[in-house]
Amino acid sequence: MQDTTVHILMATYQGARYLPKQLASIEAQQGVVWKLWVSDDGSTDSTLDLLHAFAQAHPGHVHLLKGPGLGAARHFGTLIHAVQGLGTGDLVAFCDQDDVWLPGKLARAAHWHAARAMPGRPCLYMARTVVTDEALHPLYLSRRPRRLGLGNALVENAASGNTMVLNAALLQAVRRIRPEHMVLHDWSTYLAATACGGELTYDERPCLLYRQHGGNVVGARPGWKRRIKRLWELGKGNYREWGQATEGALADLEPLLATAGVSAAASYRKVRHGASVLERLRQARRAGLRRQRRLAQAGLLGAVALGLL
């Protein structure tokens, strides 16, 4: 385990307020060799100063890159392609600038991967988080997903990217997805893992403090406001755009799709382009489309019926 190298991908932007504690929590990780690949998207605060100081304190372990300036999804997408020198046993972990990792986060993930080492098979580790306020006071534990799998990955981003640790085989699969087909880096990773017949696990033990504040790109707060926002996104046509990106991502992954992935991809295309309501609903069932919550599932079926997916 001590020989496992984990390449940490962090995208930063105006992160000086929270970055020191996150960097300290990375520095405190034991049981693995870590390398930090950090890309900054044009910060004007002291983010770069903090990163340069951290790099100087850990020579050979920190790679500083310039971000594309195209938003969070493209930022992580660029990092996914930028990391180099991975061995077959190396791992990759996504990292947010404002979280705080708990001790043993990387070691637990590395232990799971080592026990399931199968050359060429995508593997994805995910875990629970402790959601906190801006001052890191615990609020609640993140919800455990009910059922993870391809049917869910086609219509929902149910896996938290800041907890993900993936192997080299899964990284290579994700790299096949074109930037315009990547809604969010973690959603694409979840989709690739399930569509390509990978193995997934969800660790019930929290692995980090997930800080909630006004600058979060995707928050964790549950409740009616978030549900209303989803309905607003549906009305604006965002689901249709996400569906188009997902269909494109499946086409990008076609050479690597497992048998179930090929079948689900074919049904998913018919869901989106079927001429009749009954045909779209029948194909949705065949593809196993499902969201985590019952109300959300009802909304999904309504979107399928109306041709909004």
Side-chain angles (χ1 to χ4, degrees), residues 76 80 91-94 96 105 108-113 115-118 121-131 140-167 169-171 173-174 177 181-208 210 218-220 222 226 230 239 242-243 245-247 249-250 253 256-265 267-268 271 284-301 304 309:
F76 269 104
I80 286 170
L91 303 173
V92 172
F94 297 133
D96 290 349
K105 177 189 187 299
R108 289 209 318 261
H111 184 270
W112 178 83
H113 277 282
R116 287 153 185 83
M118 296 180 65
R121 186 182 185 187
C123 291
L124 176 61
Y125 170 96
M126 300 162 287
R128 214 168 187 180
T129 67
V130 179
V131 182
Y140 52 87
L141 287 177
S142 61
R143 288 179 173 177
R144 192 200 189 286
R146 293 179 179 177
R147 288 187 301 170
L148 294 170
L150 178 54
N152 179 235
L154 288 168
V155 293
E156 185 175 15
N157 183 25
S160 297
N162 53 357
T163 74
M164 288 181 172
V165 180
L166 49 150
N167 66 353
L170 181 51
L171 178 70
V174 176
I177 299 177
H181 297 154
M182 187 174 288
V183 179
L184 292 169
H185 66 285
D186 47 2
W187 194 347
S188 294
T189 301
Y190 178 33
L191 177 65
T194 53
C196 298
E199 184 170 356
L200 290 75
T201 193
Y202 185 89
D203 193 339
E204 292 280 1
R205 294 169 293 178
C207 68
L208 57 84
Y210 184 13
V218 179
R226 193 173 180 184
R230 288 199 187 104
Y239 279 18
W242 296 341
T246 299
E247 186 176 341
L250 290 170
L253 292 168
L256 302 180
L257 292 180
T259 301
V262 172
S263 176
S267 293
Y268 188 76
V271 169
R285 182 177 182 180
R286 179 171 293 180
L289 302 188
R290 62 179 185 273
R291 290 181 63 92
Q292 293 290 320
R293 307 299 164 190
R294 291 180 180 177
L295 184 60
Q297 179 67 9
L300 168 65
L301 294 178
V304 170
L309 187 63

- Task: Please lay out, stage by stage, how W112 and V165 fare under the test side-chain contact (heavy atoms from CB on, under 4.5 Å).
- Result: CA-CA 10 Å; W112 178 83; V165 180; over 6 Å; no
- Message: One pair to check against side-chain contact (heavy atoms from CB on, under 4.5 Å): L191 and L250. What are the steps and the verdict?
- Response: CA-CA 8 Å; L191 177 65; L250 290 170; 4.2 Å; yes
- Message: Between Y210 and D96, does the side-chain hydrogen bond (donor to acceptor under 3.5 Å, both in side chains) criterion hold? Intermediate values first, please.
- Response: CA-CA 9 Å; Y210 184 13; D96 290 349; 5.5 Å; no
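Annotation: side chain of M182 is not in contact with side chain of F76 (no heavy-atom distance under 4.5 Å). Using a 4.5 Å heavy-atom cutoff, the side chains of Q297 and L300 are in contact. Considering only heavy atoms from C-beta on, T201 stays 4.5 Å or farther from R116 through its side chain. The shortest distance between side-chain heavy atoms of L166 and C123 does not fall below 4.5 Å. Between Y268 and L150 the shortest side-chain heavy-atom distance does not fall below 4.5 Å. A heavy-atom distance below 4.5 Å is not found between the side chains of L124 and N167. V131 is not listed as a side-chain neighbour of L141, based on a closest heavy-atom distance of 4.5 Å or more. Contact of the R290 side chain with the R147 side chain is registered, since non-hydrogen atoms from C-beta on lie closer than 4.5 Å.
A donor-acceptor contact shorter than 3.5 Å links the side chain of E156 to the backbone of Q292. Using a distance-only test at 3.5 Å, with no hydrogens or angles considered, a donor-acceptor pair links the side chain of T163 to the main chain of S160. Checked by atom type and distance alone, the side chain of T129 never pairs as donor or acceptor with a backbone atom of L208 at under 3.5 Å. The backbone N or O of L148 lies less than 3.5 Å from no partner atom in the side chain of Y202, so there is not a single donor-acceptor pair. No donor-acceptor distance shorter than 3.5 angstrom exists from the side chain of S263 to the backbone of A260, with no hydrogens or angles considered.
The two residues I177 and A192 have their closest heavy-atom pair at CD1-CB, 4.5 Å. The shortest heavy-atom contact between T194 and A153 is OG1-CB, 3.5 Å. Residues A284 and V271 share a closest heavy-atom pair of N-CG2, 3.3 Å. Scanning all heavy atoms of the two residues, the minimum distance from V174 to S188 falls at CG2-O, 4.5 Å. Pairing each heavy atom of L253 with each of C196, the nearest pair is CD2-SG, 4.2 Å. Across all non-hydrogen atoms, the minimal contact from A245 to V183 is CB-CG2, 3.7 Å.
By the 30° and 60° cut-offs, the orientation of the rings of Y125 relative to H113 is tilted.
Partner of D203 under the side chain to side chain contact (heavy atoms under 4.5 Å, CB included) criterion, chosen from R128, M126, R108: R108.
Ring centers of W242 and Y239: under 6.0 Å apart, within the cut-off.
The line from CG of L309 to CG of L289 is 7.0 Å long, rounded to the nearest 0.5 Å. Between the CD1 atom of I80 and the NE2 atom of H185 there is a distance of 6.5 Å, given to the nearest 0.5 Å.
By the salt bridge (charged side-chain N to carboxylate O under 4.0 Å, His left out) test, R121 pairs with E199, sequence neighbours left out.
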